[in-house]
2 protein chains.
Amino acid sequence: MNGSGKADAGGYGGGELLIPPLNFAMVTPGVYRSGYPNSKNHAFLKKLRLKTIIYLCPEDYMAVNVQFMQSNSIRVLQFGIQGNKEPFVDIPEDAIRDALQALLDVRNHPTLIHCNKGKHRTGCLVGTLRKVQRWSLTSTIDEYRRFAGLKVRALDQQFIELFDTRKVMYDRRYKPSWL
Amino acid sequence: MNGSGKADAGGYGGGELLIPPLNFAMVTPGVYRSGYPNSKNHAFLKKLRLKTIIYLCPEDYMAVNVQFMQSNSIRVLQFGIQGNKEPFVDIPEDAIRDALQALLDVRNHPTLIHCNKGKHRTGCLVGTLRKVQRWSLTSTIDEYRRFAGLKVRALDQQFIELFDTRKVMYDRRYKPSWL
């Protein structure tokens, strides 16, 4: 450090290590994605100043997370979706559309989308978001695959391809700058 | 559309498809990463309202991009780094540190970091950024690997692990909110 306002980045924050949830990434301004967070991730999540969490599993939210969300005034929006266990369980288009509509409302931002691994349900929702953002299908699927790793599911990719964005409604007053 | 301000997201943007550069992603607020953009990506890049591009290759910038950057008032900050061709070429710590210092100045945001594939040089720079953000090494390397795919380089990961953040200087007046 010296008089000109220069500081040493290595000294920042007193040395506390921050641990993002599994498969964490930023999706677009105001939107993050990840796998299921746990208490190790709370210090990291705190820095994101989240307003909501978009939780895509049908199971009740883990108590330690409920407590963290409450004490940080983070609202959990739950859209209970079963995993797309090929070929027997379909991703419900209605529930993904509801979650997508919550994503397209800046009053919910910053928000974190998560399921268990941050691969399939989260990947499907982010894929539909990219369609609304008018990304090419190649780029959208490439991103899906990057997060799914070796667990890529063909039916998830088919779901994204067939998802009908014309049924997606948003409120113009609260639409994100990137829409 | 109806009187309450609801709009149909499917109709958004008049149907122009947007094509992100290869390996495109958002890194953190104000920072994006990708492979080498070309003219197909210009409409997409325009929507990011970039102020700078942090270009990590030693080669002159492609003419069609120079023209695009000029007509959109995007400044190209070039840090010419040779690819880390294991085991013969080291990533130069000085050049990465210079690029990182440019990243840590909000006057350059929004910025897009890119090299050729968005895997190695870009992955190394983003890795050092994560160290400054105090991410755990596991998460940092996991992210590096997600973008490197089958082309993971052990020496890149070693470079990130050994990079000394104490030598990184930033100007407090212009530091990003996430630092």
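Chain identifiers are assigned alphabetically (A, B, ...) following the order of the sequence lines, protein sequences preceding nucleic acid strands; residue numbering begins at 1 within each chain. Note that the coordinates shown come from a computational prediction; the quantities given were computed from them, not determined experimentally.
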Worksheet item: So do the side chains of Phe163(A) and Val168(A) get within less than 4.5 Å of each other, counting heavy atoms only?
Response: yes
Discussion item. I need the contact set between residues 140-151 of chain B and chain A: heavy-atom distance under 4.5 Å, sorted by residue number.
Written reply: Asp142(B), Arg146(B), Phe147(B)
Worksheet item: Within residues 31-41 of chain B, which positions have a heavy-atom distance to chain A below 4.5 Å?
Response: Tyr32(B)
Worksheet item: Do Asn65(B) and His42(B) meet the criterion of a side-chain donor-acceptor pair at a distance under 3.5 Å?
Response: yes
Discussion item. What I'd like to find out is whether the side chain of Ile91(B) reaches to under 4.5 Å of the side chain of Asp156(B), using heavy atoms alone.
Written reply: yes
Fill in: Neighbour count above 12 (heavy atom, 6.0 Å) for Leu22(A) CG
no
Fill in: Centroid separation Tyr55(B) to Tyr61(B) less than 6.0 Å
yes
Fill in: Heavy-atom contact with chain A under 4.5 Å, split by part of Asn23(B)
both
Worksheet item: Is the shortest heavy-atom distance from the side chain of Glu93(B) to the side chain of Phe159(B) under 4.5 Å?
Response: yes
Fill in: Straight-line distance of Ile53(A) CD1 to Asn108(A) CG, nearest 0.5 Å
12.0 Å
Fill in: Thr165(A) OG1 to Leu129(A) CG distance, which is reported to the nearest 0.5 Å
11.5 Å
Fill in: Residue part contacting chain A, namely of Thr28(B), when any heavy atom lies under 4.5 Å
backbone
Fill in: Lys117(B) atom NZ: more than 12 heavy-atom contacts under 6.0 Å
no
Response to the item:
Given Gly30(A), Pro29(A), Ala25(A), the one with more heavy-atom pairs under 4.5 angstrom with chain B than any other is Pro29(A)
Discussion item. Between Arg121(A) and Cys57(A), is there a side-chain heavy-atom distance shorter than 4.5 Å?
Written reply: yes
Worksheet item: Which region of Tyr174(A), side chain (C-beta onward) or backbone (N, CA, C, O), has a non-hydrogen atom less than 4.5 Å from a non-hydrogen atom of chain B, or is it both or neither?
Response: neither
Worksheet item: Asp105(A) and side chain to side chain donor-acceptor pair (under 3.5 Å): which partner among Gln101(A), Arg107(A), His109(A)?
Response: Arg107(A)
